[in-house]
Every structure is written in structure tokens, then in C-alpha cells.
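Proteins come first, then strands; the chains are lettered A, B, ... in the order of their sequence lines, and each starts at number 1. Computation of the quantities below employed the complete heavy-atom set of this structure, encompassing side-chain atoms and omitting hydrogens, waters and symmetry-equivalent molecules.
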There are 2 protein chains.
Amino acid sequence: MTAEEISEDPSPRIPLSRERVLGSAVAIADADGIGALTMRSLARELGVKPMSLYYYVANKGEILDAIIDMVFAEIDVPSVVGDWKGEMRRRAGAVRQALGRHTWAIGLLESRTAPGPATLRHHDATLGVLRTAGFSVKAAAHAYALLDSYTYGFALQEAALPFSGRDTAASVTDPIVQMFSAGDYPHLMEIATEHVLQPGYDFGDEFEIGLELILDALQRWIPETEDGPKSAAPAG
Amino acid sequence: MTAEEISEDPSPRIPLSRERVLGSAVAIADADGIGALTMRSLARELGVKPMSLYYYVANKGEILDAIIDMVFAEIDVPSVVGDWKGEMRRRAGAVRQALGRHTWAIGLLESRTAPGPATLRHHDATLGVLRTAGFSVKAAAHAYALLDSYTYGFALQEAALPFSGRDTAASVTDPIVQMFSAGDYPHLMEIATEHVLQPGYDFGDEFEIGLELILDALQRWIPETEDGPKSAAPAG
DNA sequence: GAGCTTATCTTACATAGTACGAAAATGCGA
DNA sequence: TCGCATTTTCGTACTATGTAAGATAAGCTC
């Protein structure tokens with residue numbers, strides 16, 4: 001009996017596959033940032049040599065396109081049954097959370113303009129909910145641009161913040177306050193001390209506030225609901 | 001007389017400087033994308049050898065931080081005199097245009113979390129306008145998060161679109177329509193044929209529509225204006 | 001000029017993506 | 001079981017990147 005027959009060696013027992021390659025790519029980007037995702041680090045993670053990856057992907061750009069689509073695949077598609085507001089609220093939150101788990105995806109969105117099938121399915125389903133809710137084609141386009149701009153932009157701001165979550169440690173806030181206390185930036189100082197640095201503050205809480213404002217205003221774009229006013233949709 | 005004395009040789013006559021280094025960095029990123037911005041391409045552009053750059057910047061990361069700040073420096077700071085809505089409208093448009101000229105800045109915002117002085121001054125001035133307009137500290141924070149999320153997100157979507165401007169050439173729209181026409185994505189198909197692909201369409205026009213909706217709704221967060229209703233600010 | 005400061009460049013190294021083609025593993029018909 | 005074709009993995013090598021370490025050059029002051 002040879003060694004291979006006795007014990008399963010730790011080598012690539014599970015066969016390589018496109019799914020495994022892309023899954024590890026996401027894992028590396030999540031753990032150490034998109035900059036740490038190299039063909040070599042990816043191969044190492046999979047217990048394989050770099051050039052083996054090229055049997056499953058044409059090049060690194062294809063990996064980047066694919067992992068963006070994987071992020072969208074994580075997001076449950078909204079449903080046409082149920083109230084549109086609730087669905088849009090749920091969807092926006094899910095997008096924000098997905099982009100929060102994979103902040104690198106936000107940066108990639110700017111440079112990679114080849115949407116994958118999951119991304120397209122997501123957009124299609126979302127538009128479907130709006131159309132079913134009574135938005136005209138134009139109004140649905142306006143509404144979707146507005147909702148997604150807000151959601152992506154919020155996720156971008158969250159990613160750009162030097163802190164996240166509730167009650168940031170003083171070790172990270174102190175240098176910032178120090179920077180403001182020179183007297184330039186009085187309004188930033190005010191908002192920091194009176195709002196952001198208060199116990200229990202979480203920037204993420206701002207999301208629902210803006211979202212509700214948008215959803216409430218969008219409601220008025222739906223023409224002649226049973227109990228609502230007539231259309232107030234913009235001319236565009 | 002030596003050659004140097006007779007004619008000005010095409011070599012680095014204008015001395016290198018931090019400003020020149022950063023200016024060329026922006027120019028390269030604008031022209032060929034942030035990926036084309038390398039220490040070597042930057043040196044070549046300046047008629048200099050790569051290591052000379054390190055006399056003016058500590059490393060490439062410092063260049064990236066600095067050119068983000070240069071983008072914000074391009075944006076005229078809003079003024080507390082004049083109506084807040086007009087100022088916010090003007091500012092949002094200016095931010096969108098600046099990010100449109102330098103789309104790479106959007107992607108950089110996600111990864112680089114060290115705001116420069118122009119960026120801070122911009123944020124400070126914007127908050128100042130909102131506070132002066134009557135927004136409470138909390139309401140100003142909410143409003144600013146909302147306005148900037150929308151603006152950044154819209155710029156991100158514009159950058160991610162495979163087309164831009166009015167009346168996109170059929171050569172670029174045809175493959176997209178082809179992709180939709182298989183029958184998956186019926187709502188994308190609908191919105192494409194009935195709205196996006198109509199003559200004269202420009203995604204950029206959607207910006208003002210969403211912006212007006214937001215500004216109108218924000219107005220109701222200002223407590224007791226002379227002629228307006230009382231505060232309708234959220235509890236947060 | 002000498003010597004000090006400021007500015008630029010040479011060389012070299014580790015790490016990146018990937019072209020090219022060899023090698024190994026696998027599956028299959030006889 | 002053998003032979004062979006297909007599928008999968010890998011070795012080598014090339015070009016490009018950021019930048020450390022230190023040599024060199026240019027400019028200024030006495």
C-alpha cells in the first residue's frame with residue numbers, strides 16, 4: 001500500500017472547479033482586501049499552482065467580473081407579491097448588507113462594466129416590482145435610479161468611514177477630534193461631538209431614515225391608487 | 001557655448017514639484033484609467049526617472065490620497081448666503097460633474113479612508129449651509145448622509161454604465177438588446193426599448209429628478225419656517 | 001573653489017499577470 | 001490490461017510593478 005492509499009493526503013483532494021476558484025477569490029477579498037487577491041494568493045489558498053487557475057478562468061479580469069456577480073447572487077430577489085414599499089425596503093437593506101460584507105465590490109463596480117446574470121436578474125426583478133406597483137415605465141426608471149443611487153452611495157460612504165458599528169473606540173475617534181479641534185471645520189466638529197460621538201451612535205442607522213424619506217416621496221409617483229392622490233410624477 | 005546654453009533642451013526644464021507630480025497623476029488617471037497610473041508612467045510623463053518622484057511623495061498611496069483631495073478641491077464650496085436648496089442643488093451637480101470627470105475617484109473612495117483638507121473643507125461648508133438653513137444638528141447629519149449617498153451613488157452608476165451622454169451609438173446598444181431579447185429580463189427589455197433607447201435619452205437627466213424629490217422632502221425637516229409647516233424631522 | 005544641502009538617478013529585489021508548452025491524471029474502447 | 005485521447009495541472013520564463021539603499025549630480029553659501 002502506498003501512502004496515497006492509506007491516508008488521504010492534504011493535497012487537492014476536492015477537485016478544482018470554477019466555483020471553488022471564485023469562492024476562494026471572494027474569501028480572500030473579504031479577509032484581506034481586493035489588493036490581496038492575486039493569482040498566486042488564490043492558488044496558494046486552493047493548494048494549487050498559479051497556472052492551474054487558468055483552466056477555469058480566462059484571466060484575472062474574468063474573476064473580478066464573476067465575484068461582483070456573486071455578490072448580487074447573495075441578494076434575495078424582491079417579489080411582486082406583497083407591498084412594493086416593503087419589498088423595496090427589504091431589497092435596499094439586503095443590497096447594503098451585501099456590499100457591507102464585500103466592500104471591495106463597490107470599488108469594482110466603477111471599473112468593471114460587464115454585469116453578470118445574477119446582477120441582471122436582480123435589476124429585472126426590482127423593476128418588475130415597481131412596474132407591478134403601478135409605476136409607469138418612465139417613473140420606474142426614475143425611481144430605480146434614485147433608489148439604487150442612494151443604496152450604493154450609502155454603502156460607499158460606510159466603506160469610506162474610518163469606523164463602523166456602534167460606539168467606536170476612542171483610540172480611533174481621538175485623532176479625528178484632534179484634527180477638527182484646531183478650529184478649521186467648525187461644523188464637522190459640532191456634528192462629531194454632538195451627534196456622531198454620542199454613545200450608541202451608528203452611521204448605519206442613517207440608512208433607514210433616508211430610505212423612508214425616499215420611499216414616501218416615491219409613493220406619490222404612482223397614479224391613482226384607490227385611496228391616494230393622482231400622479232405627481234415628474235415630466236421627465 | 002555648449003548646447004545647453006544655446007537652446008533649451010526638451011529635458012526637465014520646469015523643475016519637478018509635488019504639484020506637478022500630482023497634476024500629472026490626475027492627467028494620467030483621467031486619460032487612461034487609474035490602472036495606467038504607475039510610478040513609471042508618471043515619471044515618463046514628467047520626463048524624469050521613477051525614483052525621483054519619491055523626493056516629493058512618500059509612496060504611491062500618498063499620491064492616491066492626494067488626487068482624491070484634488071477632485072474635491074475642484075468643487076466650489078457652497079455658500080451660506082443664498083437659499084439652501086439652490087446651494088445644495090448646485091453643489092450636488094458640481095460633485096457629480098467632478099466625479100464624472102474623474103471616475104477613478106469613486107473607486108478610490110472605497111479603499112482610501114484618509115480625507116484630505118479640501119475634502120474636509122467641502123464637507124464642513126456643506127454642513128454649514130444646512131445648519132444655517134435651520135436644520136438641527138441631527139437633521140443636518142441625516143440630510144447630508146442622504147444627499148451625499150445619492151450623489152455618490154448616482155456618479156457610481158453613471159461610471160458603471162457602458163454608455164454615457166445622449167443618443168448612444170447602436171454599435172454599443174445592439175449587443176445589450178441582443179442579450180435581453182432572449183426573454184429573460186423582460187422588464188429590462190421593456191425599460192430599454194421604451195425609455196433608455198429612445199432618441200435623446202441621457203441617463204444623466206435622471207439626476208435632477210431624484211435630487212428635486214430629495215430636496216423637497218428635506219425641506220420639511222426644517223422647523224417652523226415663516227410660511228411653512230412645523231418640523232417633520234424623524235426621531236433618529 | 002570647498003563643503004553642505006537639495007534633488008535626481010542607478011541598481012536591485014520581491015511580487016504581479018500570464019504566454020507557452022510540457023507533464024501528469026483520467027477515462028475509455030479493445 | 002493496454003494504448004491512446006482528453007482533461008487537468010504545472011514549470012519556466014518574460015515583462016511590469018512598487019520601492020529600499022545608496023550613489024551621483026546640481027545648486028548654494030562662505
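In this structure, A:Arg40 atom CZ and D:dG11 atom C1' are separated by 12 Å, rounded to whole Å. Atom-to-atom, CG of A:Leu37 to P of C:dT18 comes out at 11 Å; the value is rounded to the nearest Å. Across the protein-nucleic acid pair, A:Ile34 atom CD1 and C:dA16 atom P stand 14 Å apart, rounded to whole Å. Atom OH in A:Tyr55 sits roughly 11 Å away from atom C1' in C:dT26 (whole-Å rounding). One atom, CG of A:Leu16, and another, C1' of C:dT26, lie 15 Å apart when rounded to the nearest Å. As a whole-Å value, the separation of A:Lys60 NZ from C:dG17 C1' is 8 Å. The distance from atom CG of A:Leu53 to atom C1' of D:dC10 is 11 Å, rounded to the nearest whole Å. One atom, CD of A:Glu62, and another, C1' of C:dG17, lie 14 Å apart when rounded to the nearest Å.
Not one side-chain nitrogen or oxygen of B:Lys49 sits closer than 4.0 Å to the OP1 or OP2 atom of C:dT8. Contact between the side-chain N/O atoms of A:Ser52 and the OP1/OP2 oxygens of D:dT8 is not found at any separation under 4.0 Å.
Taking the six-membered ring for Trp and thresholds of 30 and 60 degrees, A:Tyr201 and A:His195 have ring planes more than 60 degrees apart, a perpendicular arrangement. Between B:Phe154 and B:Phe203, the two ring planes are parallel [angle under 30°; tilted spans 30° to 60°].
Counting heavy atoms from C-beta outward, A:Arg91 and A:Asp148 have side chains that approach closer than 4.5 Å.
The side chain of B:Tyr54 has D:dG18 as its nearest neighbour among D:dG18, C:dT18, D:dA21. For A:Met51, the listed nucleotide lying nearest its side chain is C:dT18; candidates were C:dG17, D:dT19, C:dT18. For B:Val48, taking side-chain heavy atoms from C-beta onward, the closest of the listed nucleotides D:dA13, D:dT9, C:dC9 is C:dC9. Side-chain atoms of A:Tyr56 lie closest to D:dT9 of the nucleotides D:dT9, C:dA16, D:dC10.
With hydrogens and angles disregarded, a donor-acceptor distance shorter than 3.5 Å links the side chain of A:Ser181 to the backbone of A:Gln178. Without hydrogens or angle criteria, B:Arg101 side chain to B:Asp30 main chain gives no donor-acceptor distance under 3.5 Å.
Along DNA chain C, the nucleotide nearest A:Ser41 and the nucleotide nearest A:Ala58 are compared for position; the residue whose nucleotide lies closer to the 5' end is A:Ser41.
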